[in-house]
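Naming: A, B, ... by sequence-line order, numbering from 1 per chain.
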Protein chains: 2
Amino acid sequence: MARKISDSTVRRLSRYLRRLRALDRREQKVVSSRGLAEATGTTAAQVRKDLSHFGSFGKRGQGYDVHDLRVQLEEILGLTRRWSVAVLGVGKIGSALLGYGFFTERGFDVAAAFDADPAKVGLDLGGVRVQPLSELEQTFSDRGVSIAIIATPVEAAQEMATRAVRAGARAVLNFAPVKLNVPSGVAMREMDVTLELEGLCYMVTAAGHVADRLADDIE
Amino acid sequence: MARKISDSTVRRLSRYLRRLRALDRREQKVVSSRGLAEATGTTAAQVRKDLSHFGSFGKRGQGYDVHDLRVQLEEILGLTRRWSVAVLGVGKIGSALLGYGFFTERGFDVAAAFDADPAKVGLDLGGVRVQPLSELEQTFSDRGVSIAIIATPVEAAQEMATRAVRAGARAVLNFAPVKLNVPSGVAMREMDVTLELEGLCYMVTAAGHVADRLADDIE
DNA sequence: ATGTTCTTGTGATCTCTTTCACAAGCGAGA
DNA sequence: TCTCGCTTGTGAAAGAGATCACAAGAACAT
Ligand SMILES: NC(=O)c1ccc[n+]([C@@H]2O[C@H](COP(=O)([O-])OP(=O)(O)OC[C@H]3O[C@@H](n4cnc5c(N)ncnc54)[C@H](O)[C@@H]3O)[C@@H](O)[C@H]2O)c1
Ligand SMILES: NC(=O)c1ccc[n+]([C@@H]2O[C@H](COP(=O)([O-])OP(=O)(O)OC[C@H]3O[C@@H](n4cnc5c(N)ncnc54)[C@H](O)[C@@H]3O)[C@@H](O)[C@H]2O)c1
């Protein structure tokens, strides 16, 4: 099996899987690399290359068996087991996540939620009871939490991440706009709205400049 | 000025800017490419290369003037103006965004919010009144909305994006887990929690496999 | 059987990004 | 003024990822 798979490949695999699940639900039997590519915004060659890192799943002349490939991709991505997720910080973002139905549907169990604010402890949000931080270590180990979602203010984010990892988390999803340090071997992804918004501003601004230049050229 | 700047460069520029703002606030005068690199998780050479696309901002032997470079980066990213943002879909995620203080701080005005549900229309969330969809076009043009944040259910996302663009949005930030199509010339970024979570699962799973292989080798 | 039509899997190639390495430049101190 | 220590800016090299292009199958019709 392949050595090192790039993040962009993994992201695309998720997209293919999402598409395959939809096709499977509506009982489409086969799909071509082109079919997958068009639905996920990439090229047929890219789809085939991505899959080829893991084996050969299609039939020449025919395409891929939808259900089959779906199962294969779930296997590859590690989605044949369920994953226990804990949410740290139950503020605006944290509680939105607790109420997010998609998680359970997709194999993620929101196993616990923690908050430093005593006023929030004990609340039931989306079927999860908010626990005090003091119970973090015990709960992580009891419920086999392997993914921690950081939704605390920036000031607390690094500390909470470190603590989650020490308590057994193997992966961290960070919503706070700070770069977090985690030991190597721990997976880490960030969801940074401000970064994305600023990126959009750049794109719009730069597009404007290009338009200006074109206009100049026409003169 | 440079031709085409990659997304990864733009993301890093945002990170540098975030760091510079923090340094500026605590009145540090100068910073080296290494200093910036360490704080943002990259390398000194990368920092210099990124900046070099836009000009030459440092002093050899000294480093960069913090305030100066901050202003330059704000200029480059297009953050010297304010941007009007509209939130489409005021559910769990949408209302979390409306209450997010960072936006206003950073030059983004949440100028409007829309929802299809009559029960939500008229509510005041984080100082923004929720409007019916019928007012979308007029409001976008009145308030110069240029960024639309999609926070509706997946089914409505494409339609809302199309409508926002037609109403004048130049950029779309999408929270719904679907690939949206927008005309070329419109900037588009997505925030997809499930994609990131699945990516984390892959990383944890793959790391496990590597560990297995190492263990085998040792035998 | 044979030919026709599709679509996969994959080396080869191209393009884009990151890293390297060092001359050029700046300030401080003698 | 000259030297020394330090850091930038940038071509050149290396590395990664995306695209091309085509031989190798698979089904089906004749
Ligand atoms: N609100 C948004 O739309 C939004 C969007 C993107 C990112 N974020 C980021 O997500 C994070 C949370 O934002 P929010 O708007 O939900 O903030 P919030 O203030 O609504 O919630 C933060 C919660 O974290 C809790 N908390 C504080 N310290 C803690 C600690 N040490 N351990 C555990 N919990 C702690 C607080 O009690 C509070 O309940 C912030 O870093 C923010 O920048 C928010
Ligand atoms: N809740 C989360 O934590 C979370 C996280 C990531 C992504 N998302 C995604 O964000 C989107 C919204 O999620 P949510 O949890 O806030 O859902 P939600 O059901 O709480 O909110 C959706 C809102 O959109 C409104 N709406 C429906 N159709 C609309 C239309 N055509 N135009 C405008 N508004 C419309 C609904 O009235 C509702 O208020 C979904 O696509 C979801 O997959 C949610």
Using a cut-off of 4.0 Å on non-hydrogen atoms, how would the nucleic acid contact of A/T42 be classed: base, sugar-phosphate, or nothing? nothing
Measure CG/B/L69 against P/D/dT7 and give the value in whole Å, please. 16 Å
A/R166 atom CZ: more than 12 heavy-atom contacts under 6.0 Å: no
Whole angstrom value for the distance that separates P of C/dT17 from CG of B/L13: 13 Å
Mind checking whether B/F114 and B/F140 have parallel, tilted or perpendicular rings, split at 30° and 60°? tilted
Output yes when at least one side-chain N/O atom of B/S33 is less than 4.0 Å from OP1 or OP2 of D/dT8, else no. yes
Find the distance A/K49:NZ to C/dT7:C1' and express it as a whole number of Å. 16 Å
In whole angstrom, give the distance that lies between atom CZ of B/R34 and atom C1' of D/dG5. 13 Å
Please state whether the phosphate of D/dG17, meaning OP1 or OP2, lies under 4.0 angstrom from any side-chain nitrogen or oxygen of A/S8. no
Could you tabulate the donor-acceptor pairs under 3.5 Å formed by side-chain atoms of residues 86-106 of chain B, not counting sequence neighbours?
unit_1: B/S95; atom_1: OG; unit_2: B/G91; atom_2: O; d: 2.5
unit_1: B/S95; atom_1: OG; unit_2: B/K92; atom_2: O; d: 3.4

Is the backbone N or O of A/Q72 less than 3.5 Å from a side-chain atom of A/D68, with the two atoms forming a donor-acceptor pair by type? no
Of the nucleotides D/dT8, D/dA18, C/dT8, which has the atom closest to the B/Y64 side chain? D/dT8
For A/Q158 and A/T162, which I'm curious about, is there any donor-acceptor pair between the side chains at under 3.5 Å? yes
A/D7 CG to D/dA16 C1': how many Å, rounded? 13 Å
Are B/S84 and B/R143 linked by a side-chain donor-acceptor pair shorter than 3.5 Å? no
What string of B, S and - do you get for nucleotides 21-30 of chain C, 5' to 3', when a contact is any protein heavy atom under 4.0 Å? B-BBBBS---
Indicate whether OP1 or OP2 belonging to C/dT7 is found under 4.0 Å from a side-chain N or O atom of A/S32. no
Under 4.0 Å between a side-chain N/O of B/Q46 and OP1 or OP2 of C/dT17, yes or no? no
Write down the distance between CG (B/L51) and P (C/dT18), rounded to a whole number of angstrom. 14 Å
note: A/R11, atom CZ; D/dA18, atom P; distance rounded to Å ~ 12 Å
Return the value, rounded to whole Å, for the distance between atom CG of A/L36 and atom P of C/dT8. 9 Å
Under-4.0 Å side-chain N/O to phosphate OP1/OP2 contact, A/S6 with D/dA16: no
Got a sec, which residues hit salt bridge (charged side-chain N to carboxylate O under 4.0 Å, His left out) with B/R163, two or more places apart in sequence or on another chain? B/E137
